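What follows is a short report on a single structure.
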Amino acid sequence: MEHSSHESLLKHPNSITYESPFPLYALAISHSPYRVAVGSFLETYNNRVDILSFDPDALTLKPHHPPLSFDHPYPPTKLMFHPSNPNLLASSGDFLRLWDLRDHSIEPLSVLNNSKSSDFCAPLTSFDWNEVEPRRIGTSSIDTTCTVWDIDKGVVETQLIAHDKEVYDIAWGEARVFASVSADGSVRIFDLRDKEHSTIIYESPQPDTPLLRLAWNKQDLRYMATILMDSNKVVILDIRSPTMPVAELERHAASVNAIAWAPQSSRHICSAGDDTQALIWELPTVAGPNGIDPMSMYSAGSEINQLQWSAAVPDWIAVAFSNKMQLLKV
Amino acid sequence: MANGTQTHDGLPENLRKRLAVAVRSIQWSYAIFWSLSTTQQGVLEWGDGYYNGDIKTRKTVQAVELKADKIGLQRSEQLRELYQSLLEGEADQQAKRPSAALSPEDLSDAEWYYLVCMSFVFSPGEGLPGRALANGQAIWLCNAQYADSKVFSRSLLAKSSGFTLQTVVCFPYLGGVIELGVTELVSEDPSLLQHIKASLLELSKPVCSDKSSPTPPKADDDGDPICANVNLEIMDTLPLENLYSPTEGIEFDREGIVELGGNIHEEINMDSPDECSNGCEHNHQTEDSFMLDGINGGASQVQSWHVLDDDFSNGVPDSMNSSDCISEAFVNQEKAISTLKREDVNQHLKELQNSNHTKLGSLDLGADDDLHYRRILSAIVGSSPRLIENLRFHYTDHRSNFLCWTKEALGDAYRPQAQQTMLKKILFTVPLMYGGCSFRLQRENCGKEWLRKSESGDICLGHVLSDNRRENENFLALKSMVPSISEIDKASILRDTIKYLKELEARVEELESCMDSVDYEERARRKYLDMVEQISDNCDKKKIDNGKKSWINKRKACEFDETDPELNRVVPEDSLPLDVKVSIKEQEVLIEMRCPYREYVLLDVMDAINNLHLEAHSVQSSAPNGILTLTLKSKFRGAATAPVGMIKQALWKIACSRNCRTSIDFLTCIPWSLLNLKSRK
């Protein structure tokens, strides 16, 4: 199985590609009937989210029939389906919006706006749907706060000033525990039962180097992964030993753009970056002296901007690069 | 079939005991005897076995401590019983089983492997045992879990169960095949083989792992895994909550044992590694089993939470059991043989061995193996779907899009000039595209800048490290920044800071409303792109300064020449030459505008409305005295709605449009509030 990496795009008939008319960023995959939501990335007001249908048996990925899509002001920063309901989609941008996917159309369900005055809003950089308590969505915003919404009632459960600077990502660990990363370079864990205190479990070695993304291992809640700005390292953290990372995965040739833990295995993580590669790592029990090498790799045509490894289809990894979205068999 | 007791018909009676002796003396993980099937010609099937590896959950009826050897025999017995009860199917699972019987959740990875092995059968020449019997020779396989399924048909099983089986040895014996396996890499050693064979013959030696023996022993993973495992079980039961608020009485036991478990990176606090001489290597080993069980497979862990929760709810006796386990392990350690350091394995030699072995087996087992494997799995593992998924993940490697990673890939990989461009845009630029937002942000960040030097200005934050020291430093820094603070105590510092902040905010708001709101959006964007937060922007200042200057000059001129009618028009008194009101009610947007009339102003307004996805359905306009008064009712065209701030901003832009022909026109573009301000001064 030792082929040249350049040919990987051509030699594998198993990869499933969708080519869109515009660059893509946000990606989400739902449970059966396996819908894929793709969000456009155009630096103008008019952006769109399209729904595709994925058939893992027939190996096809094509736009949903009848066509389902909705307009979004400016690029959606994240898309995510409800943990068990494939008809409910959430998007973040200026506000957190919920959408109902019906057979022939997509109806907006609600717009969750936290600001007191209707004029101003705090745009969201990311959000996470709590799998244990699906009525909870946590959002992160550039106004340094994290907000926890009760979407059944459509109200804010709590809002915390999480960091000193803009918060870039948020991830739920448990029903009442979430973690967030920020431009201030720290990973903090919050417990909703004790809102006065947070725990810093990691700070970037160069002070104030923003941490851009965070992923919490849902199979083994002790481990988290994060990436720094302009860095080719994936930092693996153990929440039991704060400040010191368990491992730093440094095999990307350029900076890393996205990370995702395997949904069904607690030891595997996938990362993708500007070097056009997606690497799957298997975290060993004991690391060798030269660091950890990836288990397998995939070379895409251009810089990979987004990576999703959904629990709905654990055998497939979704990547987005330039105008294309691909589903790769693991 | 017998009732799960020791032997089949035709086998030596104390075979299990002899297997026990053999495997315990070299401290390997398991020993299996494959016997010739009575029903099918030449086929090897499970005869008997002895399990000597990691145990996850002990279930015993009596509280009496058994000797180590008896424990092993009992465990092997229990595993056999479990296998048979699983085979009998679900119907029987409802039937009463003894409370001390094992259930699938109690098994460690190695035990799973051992259990599933019971289901395997080998045709003549098939698989490791088959080939050993066919050739009449011993086969020594290293790196078993990476071996091809043609060589070692259970390599996938080993891999997917998480059992790091590294060495397997098979040799023909008494018409069947004996197989031994271990989790470490042991290079082929004929003397070891001899020893095993010898120990199988010696019946009278007592089965005891702690007797000293001259054979090359391995680093002890017999006693340690038990205690490492126990610690791990308990660690697992700590839900996340307990990290924050340990309260119950039982907590003490948990913490005590957790302490023993130690930390992966720091020194392990257990006594046993120190007593056992290996030092660093040994610590790594315990870390191995610790981390191995910790990081491995989801299902077994999740299920063990429930099991052990029950255990703990029973109270002290169970924790006593675990500490018994630990103390027993310690005892074993003390009596254990001092171990020699293992030699490094010769990689090349191993590969040679492996390639030799592949030459022996040439059958294409592919599809048959898959089917057999799946059938066995579905029969045994039916109740734990997650485990199946886990296995499936590793199973479908051969159709993957991913290639094995090689170091060469690093060399000629692509490195773009600008890094993380889309990610940065999504996080830094896109949030600022929403017009109304940066306004508020500017104010907030302005406030924050004062507190930026100190690390926390927020009430909701709490740092774990050096809380108080930092806090005091911060308060001092704050005091030095805010001029009006006189006291030293924290309460008044905060109070004065708040007051000062409010003053600053008010001033900023005033200043901002004076600035040209046209350049507002560009300024905000530039600001964040540079990651520098400043309130003023030099460019805009210049324009306004120019505006101000010319206005001031004109005003001065005005003082001397009060009859200039054009200038009188500039200074407003009651009328408002510039105003934009936007209100949204349900889906309807009402816009009221007043601005100086110029050519195409209405066209610009309609254009802007259109761009914001609004459809005007009613327009009323009039332009008396060169001032346009416009009332416009519109609806949002689609789902995307623009916030009020954005609409307002776009309209302000048009109202203050700089397509001015004369300087007077330009002056009229200056927001009236600036003029108001000037007149006040």
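Note that this is a predicted model, so its numbers are computed, not measured.
Neither the backbone nor the side chain of A:V111 has a heavy atom closer than 4.5 Å to any heavy atom of chain B. With a threshold of 4.5 angstrom between heavy atoms, A:S231 approaches chain B through N, CA, C or O but not through any side-chain atom. With a 4.5 angstrom heavy-atom cutoff, A:F41 touches chain B only via side-chain atoms. Within the 4.5 angstrom heavy-atom criterion, no atom of A:I304 approaches chain B. Looking at A:A258, there are no atoms closer than 4.5 Å to chain B (heavy atoms on both sides), in backbone or side chain. Proximity to chain B (any heavy atom under 4.5 Å) is restricted, for A:P76, to the backbone atoms N, CA, C and O. The part of A:N305 that comes within reach of chain B is its side chain, from C-beta onward, which places non-hydrogen atoms under 4.5 angstrom from that chain.
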Go through the steps for B:W405 and A:R251 under the test side chain to side chain contact (heavy atoms under 4.5 Å, CB included), then give the verdict.
-> CA-CA 10 Å; B:W405 185 83; A:R251 291 289 183 267; 3.6 Å; yes

Might you work through the side chain to side chain contact (heavy atoms under 4.5 Å, CB included) test for B:M422 and A:Y25, ending with a clear yes or no?
-> CA-CA 8 Å; B:M422 200 185 257; A:Y25 182 72; 3.6 Å; yes

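Partners of A:D71 according to the salt bridge (charged side-chain N to carboxylate O under 4.0 Å, His left out) rule, which considers only residues two or more places apart in sequence or in another chain, do not exist here.
In this pair, B:H613 and A:Y45 present their aromatic rings perpendicular. The plane angle is above 60°, beyond the 30 to 60° band.
Note: A:S255 OG to B:L423 CG = 8.5 Å, rounded to the nearest 0.5 Å.
Heavy-atom minimum distance, B:M433 versus A:E43: CE-CB, 3.9 Å. Closest approach of B:F402 and A:V330 over heavy atoms only: CD1-CA, 4.1 Å. What you find for B:N401 and A:L327 is that their closest heavy atoms are OD1-O, 4.2 Å. Closest non-hydrogen pair, A:R213 versus B:I426, comes out as NH2-CG2, 4.1 Å. Scanning all heavy atoms of the two residues, the minimum distance from B:L427 to A:L212 falls at CD1-CD2, 3.7 Å. Scanning all heavy atoms of the two residues, the minimum distance from A:K329 to B:S400 falls at O-OG, 3.2 Å.
Chosen from A:A26, A:P73, A:P75, A:P294, the residue pairing most often with chain B at heavy-atom distances under 4.5 Å is A:P294. Taking chain B as the reference chain and counting heavy-atom pairs below 4.5 Å, the highest number among A:D230, A:N217, A:I317 is found for A:D230.
Judged purely by atom type and a 3.5 angstrom limit, A:D94 has no side-chain atom pairing as donor or acceptor with the backbone of B:Y434.
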